[in-house]
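Data first, discussion second: the structure below is written as structure tokens.
In what follows, chains carry the letters A, B, and so on, assigned in the order in which the sequence lines appear, proteins first and then strands, with residues in each chain numbered from 1.
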Amino acid sequence: MNGRSRSLWVLAVVGLLYVAVGVLQSWPLALTILNDGLIVAITALGVNMQWGYAGLFNVGVSGFFALGGLAVVLVSMPLDPQAWSAGTPRLLVALVILALVIFAAMRLYRVLGAGWLRIVSLIVFIGVGVTVFRTVFNPAAKAVEAINAAVTGNIGGLGLPVPFSFIVAAAFAAAAGWAVAKIALGLRSDYLAIATLGIGQIIISVLMNESWLDRGVKNVVGISRWPVPEEVRLQKQPWFIDLAHTLGMHLTTTSTVFVGLCFAALFTAILLVILLLAELSLRSPWGRMMRAIRDNEVAAEAMGKDVKRRHLQVFVLGCAVIGIAGALFVMLHGLFSPVNYNDALRYTFLIWSMVILGGSGNNLGSVLGALIIMLIWDEAGSVGPHLFALLTSPLADGPLKTHLINSAVEMRLPAVGLVLLLVLRFSPKGLLPER
Amino acid sequence: MGAPFLIGEKMTGGYGAADILHDCTIAVEKGEIAVIVGPNGAGKSTAMKAVFGMLTLRHGQVRLDGEDITAFSPQARVAKGMAFVPQTDNVFLSMSVEENLEMGAFLRRDDIRPTMARIYDLFPVLKEKRRQAAGELSGGQRQQVAVGRALMTQPKVLMLDEPTAGVSPIVMDELFDRIIEISRTGISILMVEQNARQALNIADKGYVLVQGANRYTDTGEALLADPDVRKTFLGG
Amino acid sequence: MNILDAIVVLLNYVIIPATSYGAQLALGALGVTLIYGILRFSNFAHGDTMAFGTAVTILITWAFQAAGITFGPLPTALLALPLGIAVTALVLLFTDRAVYRFYRRKKAAPVILVIVSMGVMFVMNGLTRLIIGVQDQNFADGQRFIINAFQFRKMTGLAQGLALRTTSVITLLTAIIVVAALFWFLNHTRTGKSMRAFADNEDLALLSGINPERVVTVTWLLVAGLATTAGVLYGLDKSFMPFTYFQLLLPIFAAAVVGGLGNPLGAIVGGFVVAFSEVMSTYAWRMVAAYVLPRSLVPGGLMQLLTTDYKFAVSFAILVAVLLFKPTGIFKGKSV
Ligand SMILES: Nc1ncnc2c1ncn2[C@@H]1O[C@H](COP(=O)(O)OP(=O)(O)OP(=O)(O)O)[C@@H](O)[C@H]1O
Ligand SMILES: [Mg+2]
């Protein structure tokens, strides 16, 4: 079977699986899973760029993904004039001060020669700088958080339509990726992994705790999803009621399916654009060079290729793509909940299993891997308990049985782990091997 | 003369798809010294590794004292009385000299102290430095540790891959003397040497390898006398 | 100005907690560093191994408690610990045979093994959730305090009371015993030395007749002991929640990297460096300052560098500093 027909086969099977969910369970469920799947597919594309093209190890995916979500909050939530007058400008000034302090400290580090003098003066400088930052920042943050704390209590957004945030999301994630790559690229491969693990956790801590920024653990709700319509609005439109009538479907179901389809169309469009760009880049001289570097770094370096620079580029690009996916995720759910992202298994390692299953280095593979794993993951939540109830039916009712049935959802963790291990062992090239 | 004590016969094989060795034969008689010489990249180290089972052969056989050991793992060969000092990375850098020697005797269950004392007699500097990490020793001292570690198994045959590499001329003479001394105790020695002239001088048997195949094989003396060998490999 | 009170406060909130935490991290980092030294990869499943071992130990503890077996003033969990270690060891050995050995034989690149360990992490994590759930479990019993703050105040007449919890002392003592035993094992036994030899130079170890499979087996046994002990001590000291253990991966890796990956002594030092930095930079120093500085000089703020929510940032900062300035760690580790 050649590469293309194999791709088509896998694509067809994945499509059938989703149709089967629609027919056997329900269409809204199939669409929910599909939309989640499309978003993680974009995330997986980002990871595949880093790992598949360049062999770079990013396990801070959840952090970059969450940063993309933050972009949606900051771009699309309405302007908050009260917060603005209470402290937003001062907060901005404080952040500029912080940036200057960091920049100056790096300069200072370079200017001063090694030795005690450098260490002492750096500590003093950073101490003073942070104190100045704090005296500006703390009161401003308090003031902003005090405003209408139950509903907002943060700086609000720019009031722009959501699609603008996609670019900002990419920029946020790219900037964070750039910072961590600057530090850890060029070191041993697992050091980059550990560094990204750290940056991911820190980003999420910041998002959870800086409530002036995004309400922290109180979550931001009611995020606009323009241009996708709201279900409740649809249900009141005469043409839509007619449509439901003609189809002979329940009004709420029709609206759910309709909205789901709108999202699916939007996500698919974005996915296809990114997929296309990724494929084009992979086939360009740039992509060939990337792969040459991955396959033999020493030789590439000897040939005068600037390996570190190329790695930096691809790492930042990958992070940007992950950021966009994060923005879409928040848009889909209309909710930004930083606590969520703490689940690194779901938001980082699950993505990795998708890339490996799909076939490292193969973009379409990552997409299909994502759609398959998402299906397993979500279905384990709905089918798992029934399956366990069936399996445990010979057992007498009791605490053990209840515990087992309740933990059925958790079975998806070992299930995904097992898929990952089996693929690595028996088919390390994945479903669609790299061409 | 009967069958040689250790022989790698008609060995063909390499690290991957391409063969490095082509029908290559090397052997050593009981209590004798056999020396392998040849240009860089000739496959001398590869031949040694092949004899020690660190690379799978496509053809050929390795026999020790008449027994076919081609399929044995390196550890099994150690247990059979073979010892090998590789060309590079031949000591445990982070471990003390004494621990290096102990590791050499890993498979032995009897009292290893007499053997260790003998090695300290052979290389007195090691006794002085026995608590020091091998990584802190000079190149020549490290080679002594490496040879010492190999001797700890009380081998019947000792294989040395360029034991004098990176060692000053004085220490080199010293090492050659020690090697002769070792062979006098009845241990067969199979060694690769870069300093061909000196090595062939002490060799009972010499092999000249070129591109993974035997080019000349004779006694050390005869090779030293052969004008072709002199011209091409001994610099006139 | 009152130096004694300041010292008591410092002990209560900085030195004692940081020492216990440091000991826990050190044990965790030792496991990571052993695997790195012998099997040559960064094991991402280590946090979940700790969680699994602890979960098993908790179940056994509950069984003991139900059967009326206790350990006097000491936590019953200590009694259950050896059994917990044994179960964890079996699981790790099974994992090695079923999963890692294949890649070892193939001499796969370390980065592949890291991904494999992610798969193992999923399975371990799921197992832990399956056997004990995701909730917080507090399983410390026995006597809570060795010195309690109230008695201390009464005895000494100081304003501040010193509180010394049993778990802190147990943590430190256990860690000292475990570490001493480990170092004795590595430096003075044949098997221990063969492990060091294997870590130092695998090929030469093979040439010396050292059996790699045996070395690997012993390594997993040690890792089971270290990880389970670290996890149980952490759980006794704070509480057990699988998720927290996953998050410990960062400080543990930071500790191992700071000390030099592959270097056991480094792992211990690294554990304490990370723990003290974390506690000291998230502690509000105002109370100490109030005791040692004249009133006029005591600042208005809390004198806290970071809130505890950002403790991960401390591990990260240390990690970054080491990576930037001394990638092989304080005590030279190995760099593959
Ligand atoms: N581990 C290896 N993997 C693949 N090829 C190797 C390996 N080691 C050596 N070779 C190749 O095998 C050939 C023979 O190498 P070998 O080390 O046996 O030469 P040598 O005669 O010992 O040279 P020298 O005098 O430099 O030690 C060389 O072309 C080398 O590139
Ligand atoms: Mg050689």
Side-chain angles (χ1 to χ4, degrees), chain A residues 51 55 57 59 127 130-131 134-135 138 180 183-184 186-195 197-202 204-206 208-210 216 342-345 348-350 352-353 356 360 403-404 406-425 428, chain C residues 36 41-45 48 95 98-99 102-103 108-116 118-134 243 246-247 249-251 253-254 256-257 261 299 301 305 307 309-313 315-317 319-324 327 335-336:
Chain A
W51 167 248
F57 216 104
V59 280
V130 169
T131 316
R134 285 236 177 134
T135 35
N138 285 1
V180 66
I183 297 167
L187 295 171
R188 284 222 352 264
S189 53
D190 14 5
Y191 281 177
L192 179 65
I194 300 168
L197 183 75
I199 197 88
Q201 260 177 35
I202 289 176
I204 293 162
S205 304
V206 169
M208 268 166 52
N209 293 298
E210 301 303 320
N342 243 332
D343 188 357
L345 284 178
T348 296
F349 294 102
L350 194 65
W352 268 89
S353 65
I356 304 285
S360 311
H403 172 74
L404 283 177
N406 287 341
S407 356
V409 180
E410 313 294 358
M411 287 316 289
R412 61 192 181 182
L413 291 164
V416 169
L418 231 49
V419 169
L420 183 56
L421 290 175
L422 290 174
V423 171
L424 280 169
R425 170 81 176 253
Chain C
Y36 188 85
F41 70 96
S42 303
N43 182 12
F44 272 75
D48 286 298
T95 314
V99 182
F102 172 75
Y103 300 95
V111 73
I112 300 296
L113 278 161
V114 174
I115 300 181
V116 172
M118 290 180 354
V120 173
M121 176 180 86
F122 268 104
V123 177
M124 283 265 192
N125 191 295
L127 273 180
T128 309
R129 292 182 189 210
L130 189 66
I131 63 176
I132 205 164
V134 291
F243 176 62
F246 171 76
Q247 286 198 320
L249 211 52
L250 182 62
F253 268 120
V257 172
L261 267 174
L305 194 60
T307 60
D309 303 312
Y310 288 125
K311 60 182 183 196
F312 294 119
S315 317
F316 184 72
L319 186 74
V320 165
V322 171
L323 290 186
L324 285 181
S335 162
V336 173

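Ring planes of C:F44 and A:F57: parallel class, angle under 30° (limits at 30 and 60°).
Heavy-atom pairs under 4.5 Å with chain A were tallied for C:F312, C:Y310, C:F253; the largest tally goes to C:Y310. Of all the listed residues (A:L197, A:V206, A:L418), the one sharing the greatest number of non-hydrogen pairs under 4.5 Å with chain C is A:V206. Contacts with chain C were tallied for A:L420, A:V423, A:D343, A:L422; A:L420 has the most, counting heavy-atom pairs under 4.5 Å. Counting heavy-atom pairs under 4.5 Å between each of A:L345, A:I356, A:V180, A:V130 and chain C puts A:L345 at the top. Contact count versus chain C (heavy atoms, under 4.5 Å) is highest, among A:N138, A:L421, A:T131, for A:L421. The candidate with the highest count of non-hydrogen atom pairs below 4.5 Å against chain A, out of C:I115, C:V320, C:V114, is C:I115.
The side-chain heavy atoms of C:V111 and A:W51, taken from C-beta on, include a pair separated by under 4.5 Å. Inter-residue side-chain proximity for C:V116 and C:F102 is flagged as unmet; no heavy-atom pair is nearer than 4.5 Å.
Although no hydrogens or angles enter the test, the distance criterion places a donor-acceptor pair under 3.5 Å between the side chain of C:Y103 and the main chain of A:R425. Put simply, the side chain of A:S205 gets close to the backbone of A:Q201: a donor and an acceptor are under 3.5 Å apart.
Of the two parts of C:M121, only the side chain, counted from C-beta on, holds a non-hydrogen atom closer than 4.5 Å to a non-hydrogen atom of chain A. Residue A:M411 touches chain C through its side chain alone, counting heavy-atom pairs closer than 4.5 Å. The contact between A:L413 and chain C is made by backbone and side chain atoms together, counting heavy-atom distances below 4.5 Å. Of the atoms belonging to C:L319, it is side-chain heavy atoms, and not backbone ones, that fall under 4.5 Å from chain A. Only the backbone of C:A98 has a heavy atom closer than 4.5 Å to any heavy atom of chain A. Within the 4.5 angstrom heavy-atom criterion, only side-chain atoms of A:R134, from C-beta onward, approach chain C. Proximity to chain A (any heavy atom under 4.5 Å) is restricted, for C:I131, to the backbone atoms N, CA, C and O. Both the backbone and the side chain of A:F349 come within less than 4.5 Å of a heavy atom in chain C.
From C:L249, atom CG reaches atom OG of C:S42 across 9.5 Å, with rounding to the nearest 0.5 Å. Here the CD atom belonging to A:E210 is positioned 7.5 Å from the OG1 atom belonging to C:T307, to the nearest 0.5 angstrom. Here the CZ atom belonging to C:R129 is positioned 8.5 Å from the CZ atom belonging to A:R412, to the nearest 0.5 angstrom. The CG atom of C:N125 sits 8.0 Å away from the CZ atom of C:F246 when rounded to the nearest 0.5 Å.
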